[in-house]
Structures are given as C-alpha cells and as structure tokens.
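Encoded as structure tokens, the structure appears first; notes follow it.
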Amino acid sequence: MRPPALPRALLLVGLALTPALTSTAAPPAVPAVPDAAHFDYRLDPREIAPGVHVFVGLREDFTPANGGNIVNTGFLVGTDGVIVIDTGPSRRYGEQMLAAIRRVTALPVVLTINTHHHPDHFLGNQAFPAATLAALPETLRGIQKDGEAFNENLYRMSGDWMKGTERVTPAQALAPGRRSVGGRDIEIVALDGHTPADLVVVDHATGTVFAGDLLFHDRAATTPHANLAHWLAALDRLETIPVKRWVPGHGDPAGDDAPIRQTRSYLEWLAATMRDGAESGLDMTEMLARPIPQRFHGLAEVEREYRRSVVHLYPAEEQAVLEKARAR
C-alpha cells in the first residue's frame, strides 16, 4: 500500500531532495514502470584507487524508472574490514549494494557512515549491521526527525522500489578526527552548509575524499536545507585537504578540482542572484523567471533546481532585506 498523502510543506521538501548523477558507466535503463523482475539497480562498483570503490548514480531526478539510483555511494576495503559510505535510497538498494560488496571481498563491514540526513544517503541502512551504522550527531537527529517523511516522499516519487524500506537511525555518533578503521587510515571531517551536518571521509592512503553532497559534479546543487554562506566556507575547508581525487555526492569522481570549481561557481551565483533580487524588490514569480547563465547550462537538472532554490532560499533573503530596512 502506498503511504498516505503528506502536507504540501513536506511535499516541497521531498521534491527538493533530488540530487542525481550519471556516470560514464551508468547502469542500463530499466522499464518506466518496472515489474518485480526489474527491481535491479545493476550496481557495479568502480575501483577508482586501491581498495576504494564507488557506485556512481544517475544525473536525474527520482523516478519510478530509476528507483532513486541518483546518488554516489562507496566503500573502502581495509586489511581487516570494510567501511561503507552512504547506503542509498531504499532497502533494495542497500541489499544490492551489500551483495556487490560481497563480490569484491568477504571481509566484514565494520563501519557504515551516513554523510548527512537526506534520504538517498541513508534509506539503505536496513541492509547493514545495525552496530556499524554511524553519523554526525546532528545527522542522527535529522534522520530521527524527518526520516519517515522522507521515506514516504521517496515512495511517492520512486514507487515500489521502496517496498519494505524503513527509517533506521544510526546509534553511533561520530566525532571528527583521524583513526584506523578496518585497517584503513581515514579521517572524519565535520562541516555544514548543504545540511546542518555534512560529514566528509578522507582516505589518507590514496588521497581520496568522499565529500558527500558538499560537492556536485556536472549536476546542479540541491538546497532544501542549505546555508549558502556556510557551504561556501565548507568548500574553502575542503580545498585545504591534500587530495588526489574527489568523490562528490552526485556526479563522476574526479582527479582534479572540477567538482569544487563547479559547485562554488554555481553557489556564488545563486547567493548573489537571491540577494540582488530581494534588494531589487522582485517577487517570487519574477525570480522564477530569471534566466540561468549560459555557463551553467551543462549542469544536469539546473532549471529544476534553480526553481526549487528560489522556493527554499528567497523568502529568507526577502526577510533579511526587510529587517535591514527597518533597522535604518
């Protein structure tokens, strides 16, 4: 049975949570309305460095055809165990992800990290050992508070791919710092901006950084819980990390700084556009009609995400202008 209808406010949040990404090794398309035999995400891990594997998602919105396979997840294989980074949008995804990991290694999963509380990054938690699930404290609170509503919205957008999916909140709170896990030298970096808590995983052996949704590559950034000033500051912090390759939350991994450059350029334009529109007294309809610069036309879903960002961000910009005027 489908979940009951949600209030419009929650639907707007759900519609906002659609980061998506393709890769050059994207899985084959599935039927627009899959039957039980086609609920297969075709997850094929790409090894981008020794022991570093990534499942690269599609650069699309959530649909019944893709089942929410629009996110990058991954895993690190150490000498003693496996570290999982994000678990995908559904129980089916998590189960198929674990099966794909088993094709690579029989080592146990010793840590399963949720980088933030958006549903495409944690709704596969059911498939992994409960004792291994972990996230930043604010992410735990976000999953506990909003997880069921997110689950219902994804069911509405993705259909029966979500069957059997339930919110599972990690019990383990992660603190930032460097540590050895499963024989892998990793560092947890705690930032914010895309959401109130954005966890970054640095694999020091290979110089690989899993940046979660702080980075988008060839895909417009999503902003349902964004603080753009904090996000831009987080990008400054990311640039201080010695790195050989980036794994964005959405889009292909990169061996150069293209994900940072693209994300920063888009967010700076978005912040300036919101601020300038509010200072010029434009209403939301006028903001929605504003043109998107040509340099961003290559970003997947840019028109849709710009409209969502106006809904998410513009009221606060208008309020800031009003408060400034009253203070004069």
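Reckoned from all heavy atoms, side chains included, excluding hydrogens, waters and symmetry mates.
- The distance between the ring centers of Phe62 and Trp161 does not fall below 6.0 angstrom.
- Contact of the Glu187 side chain with the Val201 side chain is not registered, since no non-hydrogen atoms from C-beta on lie closer than 4.5 Å.
- In summary, the aromatic rings of His312 and His225 are positioned with their centroids too far apart to meet the 6.0 Å limit.
- For the pair Ser265 (side chain) and Arg261 (backbone), a donor-acceptor distance under 3.5 Å is absent.
- Applying the 6.0 Å contact sphere to CD of Glu268 captures more than 12 heavy atoms from other residues, nucleotides or ligands.
- The closest donor-acceptor contact from the side chain of Thr240 to the backbone of Arg237 lies under 3.5 Å.
- Closest approach of Met162 to Leu123, counting heavy atoms only: CE-CD1, 3.9 Å.
- A single hydrophobic cluster is seen to contain both Met284 and Tyr306, as judged by linkage of ILVMFWY side chains at heavy-atom distances under 4.5 Å, directly or through other members.
- Between Glu95 and Arg92, no side-chain nitrogen of the basic residue sits less than 4.0 Å from a carboxylate oxygen of the acidic one, so the salt-bridge criterion is not met.
- Ion pairing of Glu305 with Arg308 is present here, as a side-chain N (NZ or NE/NH1/NH2) and a carboxylate O approach within less than 4.0 Å.
- The main-chain N or O of Thr206 is found under 3.5 Å from a side-chain atom of Arg245 such that the two form a donor-acceptor pair.
- Ring to ring, His116 and Phe122 are not that close: their centroids are 6.0 angstrom or more apart.
- Summarising the geometry of Ala100 relative to Leu43, their closest heavy-atom pair is CB-O, 4.1 Å, with the distance given to 0.1 Å.
- Listed for the Thr73 side chain is no donor-acceptor partner under 3.5 Å among the backbone atoms of Asp86.
- Looking at Val109 and Leu111, their side chains never come closer than 4.5 Å, going by heavy atoms from C-beta outward.
- Of all the heavy atoms in Leu154 and Pro119, the pair that sits closest is CD1-CG, 3.7 Å.
- Salt bridge Arg156/Glu152: absent, no basic N to carboxylate O contact under 4.0 Å.
- Scanning both residues, Phe39 and Gln96, for their nearest heavy atoms gives O-NE2, 2.9 Å.
- The pair Glu239-Arg264 meets the salt-bridge criterion, since a charged nitrogen lies less than 4.0 angstrom from a carboxylate oxygen.
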side-chain hydrogen bond (donor to acceptor under 3.5 Å, both in side chains) for His204 and Asp185? Distances and angles first, verdict last.
CA-CA 6 Å; His204 283 286; Asp185 179 13; 5.1 Å; no

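- Under the 4.5 Å side-chain heavy-atom criterion for ILVMFWY residues, no single connected hydrophobic cluster contains both Leu140 and Leu199.
- Asn227 and Asp192 share no side-chain donor-acceptor pair at under 3.5 Å.
- Using a 4.5 Å heavy-atom cutoff, the side chains of Asn69 and Tyr93 are in contact.
- Electrostatic pairing of Asp252 and Arg46 counts as a salt bridge here, judged by a charged N lying under 4.0 Å from a carboxylate O.
- The existence of a salt bridge linking Arg59 and Asp218 is excluded, since no basic side-chain nitrogen approaches an acidic carboxylate oxygen closer than 4.0 Å.
- No donor-acceptor pair closer than 3.5 Å links the side chain of Tyr155 to the backbone N or O of Asp160.
- Between His117 and Phe150, the angle of the ring planes lies from 30° to 60°, which puts this pair in the tilted group.
- Here Asp203 contributes atom CG and Ile85 contributes atom CD1; the two are 8.0 Å apart, rounded to the nearest 0.5 Å.
- Leu270 and Leu288 fall within the same hydrophobic cluster, defined by Ile, Leu, Val, Met, Phe, Trp and Tyr side-chain heavy atoms under 4.5 Å apart, directly or through other members.
- What you find for Ser158 and Gly67 is that their closest heavy atoms are OG-C, 3.9 Å.
- The six-membered or imidazole ring of His230 lies away from that of His194, with a centre-to-centre distance of 6.0 Å or more.
- For the pair Trp246 and Leu238, the minimum side-chain heavy-atom distance is below 4.5 Å.
- Summarising the geometry, atom CG belonging to Leu282 is positioned 6.5 Å from atom CE belonging to Met287; distances are rounded to the nearest 0.5 Å.
- Rounding to the nearest 0.5 angstrom, the gap separating the CH2 atom in Trp231 from the CG atom in Asp198 is 8.0 Å.
- For Thr139 against Thr115, the heavy-atom pair with the smallest separation is OG1-O, 4.3 Å.
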